[in-house]
Asks: 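What follows is a single structure, and I will ask about it in a moment.
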Number of protein chains: 2
Amino acid sequence: MSKKTTIYDIAKKLDITAATVSRALNNNPKISEATRELVLKTAAKMNYKQNRLALALQSGKSNNVGVIVPRVDSNFFGAIIRGVEEELNPHGYHVIICQTHEDENRENENIDTLLNAQVDGILISTTSNKITEPFNRVLKKNTPLVFFDRRKTMNGVSSVTINDFEGGYKATKHLIEQGCTRIAHFSGNRSIEIFQERYLGYKQALIDSGIEFNEDYVIETKSNREAGSNAVKLLLELNPPPEAIFSSGDFAALGAIEELRLRNINIPEEFAVVGFSNEPFTKFMELSISSIDQSPLEMGKMAAKVFLEQVTNTDNIKMEKKVILEPELIIRKSSLKTSLIKPNLKKVT
Amino acid sequence: MSKKTTIYDIAKKLDITAATVSRALNNNPKISEATRELVLKTAAKMNYKQNRLALALQSGKSNNVGVIVPRVDSNFFGAIIRGVEEELNPHGYHVIICQTHEDENRENENIDTLLNAQVDGILISTTSNKITEPFNRVLKKNTPLVFFDRRKTMNGVSSVTINDFEGGYKATKHLIEQGCTRIAHFSGNRSIEIFQERYLGYKQALIDSGIEFNEDYVIETKSNREAGSNAVKLLLELNPPPEAIFSSGDFAALGAIEELRLRNINIPEEFAVVGFSNEPFTKFMELSISSIDQSPLEMGKMAAKVFLEQVTNTDNIKMEKKVILEPELIIRKSSLKTSLIKPNLKKVT
DNA sequence: CTGTTAGCGCATTCAC
DNA sequence: GTGAATGCGCTAACAG
């Protein structure tokens, strides 16, 4: 059990005052070399460890930052958290994680409890685009706030995102280059900025290549296999049906592929597919799935760096920084046609 | 910015003392209903929020628990952390995460900084089996310590693991039931308990079925595709070669499967494979891979529960609890032979 | 029921 | 250079 030794204990032992001990421990210049060494040595001997809690209370800095994500057990958020932790740990910060499960109320609760816990900053991938009271409290309290991936539009708040528009554009452009013209899109809920941007990128790529945009080819799906399977069924009933899909999510892309194979449609020859997020499984599939990599590790590190800048620049009241990472297209079998000769497609009127 | 309002602020406003305010806020019985309501109301009006740091310092409880894992961006550990967070959050605890990257030194550092941060408990999947000084400090400080998945043998310390022996046994037994007799094993580093146990389970299943154990069929591999691919190459040069593999890791199993397919060996007819961990990709492959599920979500929740019990039972100085979860065999295509008739295998002398 | 006092462990004034 | 005093925000012990 052994009660924790404090600076008072070591002060008493050395018959000096706690203030002196504190100074010695903190490399305060106004202290004699002799006492400093003495203090350091006996501190080590007595197995002294600083109580960060007391320091936190008196300094107002807890050295904890809160990270709020929808869930932690996905590759994407896991990698982000990894990045945040690795970047922040060397600076003496601990990472507290909170999950929202896409629930706005829990998000608000999490923010409030983190604020109560006196975190030095909050990094969040938000679930809604409303600016609720807790967010205002964060600003009022002057706690550094950084959005990553999913942001809200707030004055003076920094964010780290990827260029989702570019991601959608690249994916679609790639499909066009493979010779596809009838390209469908699985979109997420477009009231969420990232999905809207991917959609717009898709649209723009079509326009830039002189391909007519077809509303019927855009389907809003959840990101799971069943949704992808159902969506592709709808598409195949269209006349003409599409010959490619750019999906805003890898799971929906997977579901689509499964459905297509069930119908003996050859991928990528007859039908090409590109997903989004570069989930690990896309790489391991025998028919590997092309996808857009969001470099979540980088995103996490970057979010942490932005926080660190914010916490350093105390002079600047406000500094709003928008970091936009470039998405990378990973071309795999599901969209790479071996020959550039356009394959036989079902004849279409 | 607006300075945080404290109980003193609201005390001054109401012309009472801070202690009374504290009592009202904490539902202390010895207080009049009138003042309680008054305090509560003005507290709300002044937007009072408790400073958990001050509470922590004075009570000695930070309401934070540290979770230490090799890395956070794997499905397994991600799911565990998710379980921990979900179980602990309703009890007012925050989860601080630390990564070791399988480095013993970083593990020790993490423990020490968590201790300094006055966490109320440490949940850890340890990287080595040595009992280093920081672990002793945890005990001396009487901080609840719970191992999960990878444990050390320490007196009075609880752990939550799966029955790895049983996992190895089930996997191997299943292969035997599919008609395989020449069953190889990819083992991890067997100085780590979990791998040793899986190996022993494998061995016992063979013995129980009257199958001779063959040392040559056991290969120590890392858990990645390349290692699996290399290992299977070695196996195929044996005479007779095995006709099945139980792999201690899914990635090695995947590598093996890739290599087998390269050689046009039919799976599962000619060669059956079972992995371990039930990584998401095993399910999504077109040739889905059989695996052992470790129910990481449950494991995380259980570890959290054990911690909660520990923190509640203050009377009992020591309580050592060993929770052992049952692994589940998930049978998929890579090992499920459609007919019970033993398929044509390469003839062997 | 409520006020007074004290302390959690530390760093930081201000004296000397 | 060092000591003494003070406060961070809160709760708990002891009075009354």
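Order of the sequence lines fixes the chain letters, A, B, ..., with proteins taken first and strands second; residue numbering starts at 1 for each chain.
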Asks: Kindly say whether, by distance alone, the side chain of A:Arg23 makes a donor-acceptor pair under 3.5 Å with the base of D:dG3?
Replies: yes

Asks: Applying a 4.0 Å non-hydrogen cut-off, can you work out what B:Leu57 is touching in the nucleic acid: base, sugar-phosphate, or nothing?
Replies: base

Asks: Using the side-chain heavy atoms of B:Asn26, tell me which of these nucleotides is nearest: D:dG9, C:dT12, D:dT11.
Replies: D:dT11

Asks: Report the nucleotide, chosen from C:dC1, C:dG9, D:dT11, that has the shortest atom-to-atom distance to any side-chain atom of B:Gln58.
Replies: D:dT11

Asks: When you check the phosphate oxygens OP1 and OP2 of D:dT2, does a side-chain N or O of A:Ser32 lie under 4.0 Å from one of them?
Replies: yes

Asks: Return yes if some donor-acceptor pair links the side-chain N/O of B:Ser62 with the main-chain N/O of B:Ala56 below 3.5 Å, else return no.
Replies: no

Asks: Quick one: does any side-chain atom of B:Thr20 pair with a main-chain N or O of B:Ile16 as donor and acceptor, under 3.5 Å?
Replies: no

Asks: What nucleic acid atoms does A:Ser22 come within less than 4.0 Å of, heavy atoms only: base, sugar-phosphate, or nothing?
Replies: base

Asks: May I ask you to test the A:Tyr93-A:Asp120 pair for a side-chain heavy-atom distance under 4.5 Å?
Replies: yes

Asks: Quick one: is C:dG3 close enough that its OP1 or OP2 comes under 4.0 Å of any side-chain N or O from B:Thr20?
Replies: yes

Asks: Just to be sure I understand the rule, does A:Thr35 reach a base, reach only the sugar-phosphate, or reach nothing, if contact means heavy atoms closer than 4.0 Å?
Replies: sugar-phosphate

Asks: What's the spacing between A:Glu86 CD and A:Leu297 CG if we round to 0.5 Å?
Replies: 6.0 Å

Asks: With heavy atoms under 4.0 Å as the rule, sort B:Ile7 into base, sugar-phosphate or nothing.
Replies: base

Asks: Base, sugar-phosphate or nothing for B:Thr17? Non-hydrogen atoms, less than 4.0 Å.
Replies: base

Asks: Counting the atoms with a prime plus P, OP1 and OP2 as sugar-phosphate, which does A:Ile16 contact under 4.0 Å by heavy atoms, base, sugar-phosphate, or nothing?
Replies: sugar-phosphate

Asks: Let me know, please, whether A:Tyr8 or A:Pro29 comes out on the 5' side of the other along DNA chain D by nearest nucleotide.
Replies: A:Pro29

